[in-house]
Amino acid sequence: MMNYLDSHCHINDEAYDEDLDEVLNRMLENRVTRAMIVCVSFEDYRKTLEIKKEGIRFKKAIGVYPECTGISEDDFNEYVRLMKECDAVGEIGLDYHWYPETKEKQKELFIRQIRIAKELGKPVIVHSRDALQDTYDILKEHRYEGVLHCYSGSAEMAKEFVKLGYYISIAGPVTWKNAKEPLEVVKSVPLERLLIETDCPYLTPAPNRGKRNEPSYVVHTAKRIMEELGIDEETFLRQINANYDNLFGSN
Ligand code: NI
């Protein structure tokens with residue numbers, strides 16, 4: 001029987017300081033046995049190194065978040081040093097929703113990190129909020145391997161990213177009421193290009209919406225997708241695990 005995975009989580013967040021081991025136990029109870037832990041700070045990275053659980057295989061990623069356009073060269077170089085220890089570079093990208101005043105600097109920072117990811121041979125985990133066209137233009141010009149994490153755009157744009165070879169990762173909003181667009185995305189992306197994630201502690205899927213999110217809830221997102229696609233659990237999980245292996249490596 002195939003198991004579930006969470007391709008993007010932040011269990012290094014302070015939201016789990018009090019009960020991380022219970023969160024990890026619930027992963028095992030729900031057959032979520034692989035997870036990518038994403039770091040957006042040195043503190044995240046330090047905490048991530050301490051996260052271990054028998055029966056769960058963790059990967060890790062680090063990147064300079066779009067908020068951090070004012071980063072010093074010393075700090076940037078430290079991020080690069082840590083990227084070498086990781087399975088992926090991210091999350092990196094563009095966020096015009098929260099940081100609309102630094103668009104040009106965000107683009108520079110994004111491109112710089114894609115180039116480093118290429119040099120290191122690590123895939124990119126891309127964050128894009130209210131910036132999908134610029135994200136697309138950059139990922140087309142600086143074409144590489146990676147995933148659009150927590151994808152929230154149209155089905156048409158998703159197909160364009162897939163044409164460039166990128167994966168599309170679906171998070172909790174696909175389970176929410178009025179999830180028309182996310183469900184269209186799910187149907188328009190080939191199964192060979194889909195990933196699933198929680199992005200926890202945020203974006204909690206139904207029926208737990210309103211509570212803190214956690215990796216075990218990825219099962220709700222996966223089930224909603226399987227239902228929409230009309231495929232069985234084994235087929236779905238076999239392909240999702242293969243996609244994760246292909247992108248991030250099979251360790
Ligand atoms: Ni994230």
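Values reported hereafter were calculated over all heavy atoms of this structure, with side chains retained and with hydrogens, waters and symmetry mates removed. First listed ligand is number 1; within each ligand, the first listed atom is number 1.
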### Query
Which residue pairs satisfy the salt bridge (Lys or Arg N to Asp or Glu O under 4.0 Å) criterion with at least one member in residues 7-17, sequence neighbours excluded?
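Counting only pairs at least two positions apart or across chains, the salt bridge (Lys or Arg N to Asp or Glu O under 4.0 Å) contacts touching residues 7-17 are Asp17-Lys47.
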
### Query
Without hydrogens or angle criteria, can the side chains of Asn12 and Lys60 be said to hold a donor-acceptor pair below 3.5 Å?
no

### Query
Protein N, O or S atoms less than 2.8 Å from the Ni ion (ligand 1), ignoring waters?
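Checking every protein N, O and S atom gives His8 NE2, His10 NE2, Glu91 OE2, Asp199 OD1.
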
### Query
Quick one: CZ on Arg238 to CG on Leu191, what's the gap to the nearest 0.5 Å?
11.0 Å

#### Entry: Pairing of Glu29 and Arg26 as salt bridge, 4.0 angstrom limit
no

### Task
Tell me, please, which residues at least two apart from Glu227 pass side chain to side chain contact (heavy atoms under 4.5 Å, CB included).
Arg224

Return all side-chain donor-acceptor pairs below 3.5 angstrom for residues 114-121, not counting sequence neighbours, or 'none' if the list is empty.
residue, atom, partner, partner atom, Å
Lys118, NZ, Arg143, O, 3.3

